[in-house]
Amino acid sequence: MAASPRTGQPAPDFALPGGVLKDGEFEHGEYALSSRRGVPVVLAFYPGDDTTVCTKQLCSYSSGLEQFEGWDAEVWAISPQDLASHASFAAKHGLRMPLLADTGREVARAFGVAAPGIGLRRAVFLIGPDGTVRWKHVALLGATYQPVETLTRHLAQLRDR
């Protein structure tokens, strides 16, 4: 497993297929981290669609999306499931942020969160407007997740710098 990028280091660039729920349709697209330079991006790695903790986590981020937008930040959720699974998951729970499909786990490996046996570790990376990792949390077991309040507090610190 590759080492996780440290705070202050450039985030590994990537492009993944994904989609976002708009007007009841899951609109497909490609999401490249380098295309978002200039805005903070919250990358939320999660083990699986429609699992208990992942559903709670992503529903909380979706319902708190305006709080992230208040800091001009985007939230992207990444897991190993394919786009069909993501479309079903997003529609079932009304998720409003892009869900990205890392089916080969290449991006999870680049961020050091791929884990044998469990697929990937629950992790959140706050990528600054300059493309560097500004804050991260990588869970050992993944039974809990970082709440919106914690993430927006770290976004606020970005603005204060």
Side-chain angles (χ1 to χ4, degrees), residues 1-14 16 18-21 31-33 36-81 85-86 89-90 92-102 105-161:
M1 181 166 75
S4 179
R6 292 189 312 267
T7 302
Q9 289 185 321
D13 193 23
F14 65 84
L16 286 174
V20 64
L21 197 60
Y31 293 79
L33 186 59
R36 303 315 305 147
R37 289 281 162 85
V39 298
V41 178
V42 177
L43 297 178
F45 289 88
Y46 68 102
D49 292 341
D50 245 344
T51 58
T52 304
V53 177
C54 296
T55 299
K56 287 179 185 176
Q57 176 184 16
L58 295 187
C59 284
S60 76
Y61 293 176
S62 182
S63 66
L65 214 49
E66 287 76 16
Q67 293 179 56
F68 292 110
E69 291 168 351
W71 295 105
D72 297 324
E74 295 183 14
V75 178
W76 293 359
I78 303 171
S79 79
Q81 288 74 44
S85 177
H86 286 345
F89 183 43
K92 181 176 180 180
H93 299 285
L95 301 176
R96 301 180 297 150
M97 80 285 286
L99 303 181
L100 282 53
D102 185 20
R105 295 181 177 87
E106 291 90 3
V107 176
R109 279 193 289 280
F111 278 83
V113 299
I118 61 171
L120 62 85
R121 297 187 189 286
R122 186 176 315 282
V124 179
F125 291 82
L126 174 54
I127 311 303
D130 62 353
T132 62
V133 175
R134 297 296 185 90
W135 181 84
K136 69 178 182 175
H137 180 269
V138 179
L140 291 178
L141 297 176
T144 62
Y145 56 90
Q146 295 301 300
V148 171
E149 295 76 22
T150 298
L151 300 175
T152 56
R153 185 176 69 244
H154 287 284
L155 284 168
Q157 292 172 357
L158 278 182
R159 179 114 358 124
D160 295 339
R161 289 182 185 176

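Predicted, not measured: the structure shown is a model, and the values here were computed from it. Computation of the quantities below employed the complete heavy-atom set of this structure, encompassing side-chain atoms and omitting hydrogens, waters and symmetry-equivalent molecules.
- Under the salt bridge (Lys or Arg N to Asp or Glu O under 4.0 Å) criterion, Asp13 pairs with no residue, sequence neighbours left out.
- Every residue meeting the side-chain hydrogen bond (donor to acceptor under 3.5 Å, both in side chains) condition with Thr132, not counting sequence neighbours, appears here in chain and number order: Asp130, Arg134.
- Only one option out of Leu151, Val75, Leu155 pairs with Pro40 in a side chain to side chain contact (heavy atoms under 4.5 Å, CB included); it is Leu155.
- Using a 4.5 Å cut-off on side-chain heavy atoms (C-beta onward), Phe14 and Asp102 make no contact.
- With rounding to the nearest 0.5 Å, the separation of CZ in Phe89 from OG1 in Thr51 is 6.5 Å.
- Under the side-chain hydrogen bond (donor to acceptor under 3.5 Å, both in side chains) criterion, Trp76 pairs with Glu74, sequence neighbours left out.
- Put simply, the side chain of Ile127 reaches to within 4.5 Å of the side chain of Val133, judged on heavy atoms.
- In this structure Pro147 satisfies the side chain to side chain contact (heavy atoms under 4.5 Å, CB included) test together with Glu149, Thr150, sequence neighbours excluded.
- For residues 38-47, no residue pair satisfies the salt bridge (Lys or Arg N to Asp or Glu O under 4.0 Å) rule, not counting sequence neighbours.
- Atom CG of Leu126 is separated from atom CD of Gln157 by 9.5 Å, given to the nearest 0.5 angstrom.
- Contacts of Asp50 classified as side-chain hydrogen bond (donor to acceptor under 3.5 Å, both in side chains), with partners at least two apart in sequence or in another chain: Lys92, His93.
- Heavy atoms only, all atoms of each residue included: Ala139 and Arg121 are closest at O-CD, 3.3 Å.
- Across all their heavy atoms, Met97 and Leu58 have their closest contact at CE-O, 3.4 Å.
- No donor-acceptor pair under 3.5 Å is formed between the side chain of Lys56 and the backbone N or O of Tyr145.
- With sequence neighbours excluded, the residues that form a salt bridge (Lys or Arg N to Asp or Glu O under 4.0 Å) with Arg96 are Glu66.
- The two atoms that bring Ala108 and Leu120 nearest to each other are CB-CD2, 4.1 Å, heavy atoms only.
- The main-chain N or O of Cys59 is found under 3.5 Å from a side-chain atom of Ser63 such that the two form a donor-acceptor pair.
- Of the possible polar contacts, one joining the Gln81 side chain to the Pro47 backbone as a donor-acceptor pair under 3.5 Å is found.
- For Val148, the side chain to side chain contact (heavy atoms under 4.5 Å, CB included) partners at least two apart in sequence or on another chain are Ser60, Tyr61, Gln67, Phe68, Thr152.
- Across every non-hydrogen atom of Arg37 and Gly131, the tightest pair is NE-CA, 3.3 Å.
- In this structure, NE2 in His137 is found 11.5 Å from OG in Ser4, a value given to the nearest 0.5 Å.
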Problem - Worked verdict on Leu43 versus Val124 for side chain to side chain contact (heavy atoms under 4.5 Å, CB included) - result: CA-CA 6 Å; Leu43 297 178; Val124 179; over 6 Å; no
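- Scored by the ring-ring contact (aromatic ring centres under 6.0 Å, His included) test, Phe45 finds Phe111, Phe125 as partners (sequence neighbours excluded).
- Remark: Asp49 engages Tyr46, Ser85, His86 in a side-chain hydrogen bond (donor to acceptor under 3.5 Å, both in side chains) (not counting sequence neighbours).
- When all heavy atoms of Pro5 and Ala110 are compared, the closest pair comes out as CD-O, 4.0 Å.
- Residues Leu99 and Leu95 approach most closely at CD1-CD1, 4.2 Å, considering heavy atoms.
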